[in-house]
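Heavy-atom basis, side chains included; hydrogens, waters and symmetry copies ignored.
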Amino acid sequence: MSCNICADVEHKVEFYDVDSMDVVWHGNYVKYFEKARCALLDKIGYGYKHMREDGFAFPVTSLKIKYIRPLFFQQEVMIRAELLEYENRLKIQYFIYDKKSMELTTKGESIQMAFDMSRKESCFDCPTRLVEQVRKISGENR
């Protein structure tokens, strides 16, 4: 099920994230997505702390990244995470924009699946508390 919940975070590219040409190393974009994903989950009211309390982990099962323009040392960006699906899995879309021009530099998508830690098995439905939180915030009535 799709919904309209998103979160934006600002970020300034640090020296430890770039290569010798002052360009962000490709693997660090995953970290930037995670920063926005945490903000999104906190906005929903079901962050990693809540997942643990309920006995779940949410491993990433799929990740896509489209590099459009490179990011550079000290560049200020805005990272957006947008929730696309939440009932059977978490599907989140990401956008990274240059803060000054708002030009799109990167986009991506991740899929996470609920994993019951006590039973050590994957779940094909997300935890009830997560689903209820999303519905409450998005105004869905079911």
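For M21, the CE atom sits in a loose shell: 12 or fewer heavy atoms of surrounding residues, nucleotides or ligands are nearer than 6.0 Å. The environment of NZ in K107 is sparse: at most 12 heavy-atom neighbours from other residues, nucleotides or ligands sit within 6.0 Å.
In this structure, the separation between SG on C123 and CZ on R89 is 15.0 Å, given to the nearest 0.5 Å. Here the CZ-CD1 distance, from F33 to I92, works out to 11.0 Å after rounding to the nearest 0.5 Å. In this structure, CZ in F56 is found 7.0 Å from CZ in R119, a value given to the nearest 0.5 Å. A distance of 8.5 Å separates CG in L71 from NE2 in H11, rounded to the nearest 0.5 Å.
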Compile the donor-acceptor pairs under 3.5 Å between side chains in residues 37-45 and protein atoms, sequence neighbours left out, one pair per line.
{"unit_1": "R37", "atom_1": "NE", "unit_2": "E34", "atom_2": "OE1", "d": "3.0"}
{"unit_1": "R37", "atom_1": "NE", "unit_2": "Y48", "atom_2": "OH", "d": "3.2"}
{"unit_1": "R37", "atom_1": "NE", "unit_2": "Q112", "atom_2": "OE1", "d": "3.4"}
{"unit_1": "R37", "atom_1": "NH1", "unit_2": "Y94", "atom_2": "OH", "d": "2.7"}
{"unit_1": "R37", "atom_1": "NH1", "unit_2": "S110", "atom_2": "OG", "d": "3.2"}
{"unit_1": "R37", "atom_1": "NH2", "unit_2": "E34", "atom_2": "OE1", "d": "2.1"}
{"unit_1": "K43", "atom_1": "NZ", "unit_2": "C6", "atom_2": "O", "d": "2.7"}

Run the side-chain donor-acceptor check on residues 72-80: report pairs under 3.5 Å with partners two or more places apart or on a different chain.
{"unit_1": "Q75", "atom_1": "OE1", "unit_2": "F72", "atom_2": "N", "d": "2.9"}
{"unit_1": "Q75", "atom_1": "NE2", "unit_2": "D98", "atom_2": "OD1", "d": "2.8"}
{"unit_1": "R80", "atom_1": "NE", "unit_2": "D8", "atom_2": "OD1", "d": "2.6"}
{"unit_1": "R80", "atom_1": "NH2", "unit_2": "D8", "atom_2": "OD1", "d": "3.3"}
{"unit_1": "R80", "atom_1": "NH2", "unit_2": "D8", "atom_2": "OD2", "d": "2.8"}

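S118 meets the side chain to side chain donor-acceptor pair (under 3.5 Å) test with D116; sequence neighbours excluded. Remark: K64 engages E109 in a side-chain contact (heavy atoms from CB on, under 4.5 Å) (not counting sequence neighbours). The salt bridge (Lys or Arg N to Asp or Glu O under 4.0 Å) search around R69 returns E103, not counting sequence neighbours.
Clustering ILVMFWY residues whenever any of their side-chain heavy atoms sit less than 4.5 angstrom apart, transitively, puts L130 in a cluster other than the one holding M113.
No side-chain heavy atom of T105 sits less than 4.5 Å from a side-chain heavy atom of I68.
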Check against side chain to side chain contact (heavy atoms under 4.5 Å, CB included), Y32 and V13: CA-CA 10 Å; Y32 299 165; V13 174; 4.1 Å; yes
Using the rule given for side chain to side chain contact (heavy atoms under 4.5 Å, CB included), can you reason through V18 versus V24, listing the C-alpha separation, both sets of side-chain angles and the distance that settles it, and then say yes or no? CA-CA 4 Å; V18 299; V24 172; 4.2 Å; yes
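Y46 and H50 have parallel rings, their planes meeting at less than 30° on a 0 to 90° scale where 60° marks the start of perpendicular.
Pairs of residues two or more places apart, or lying in two chains, that qualify as salt bridge (Lys or Arg N to Asp or Glu O under 4.0 Å) and include a residue from residues 13-24 are D17-K31.
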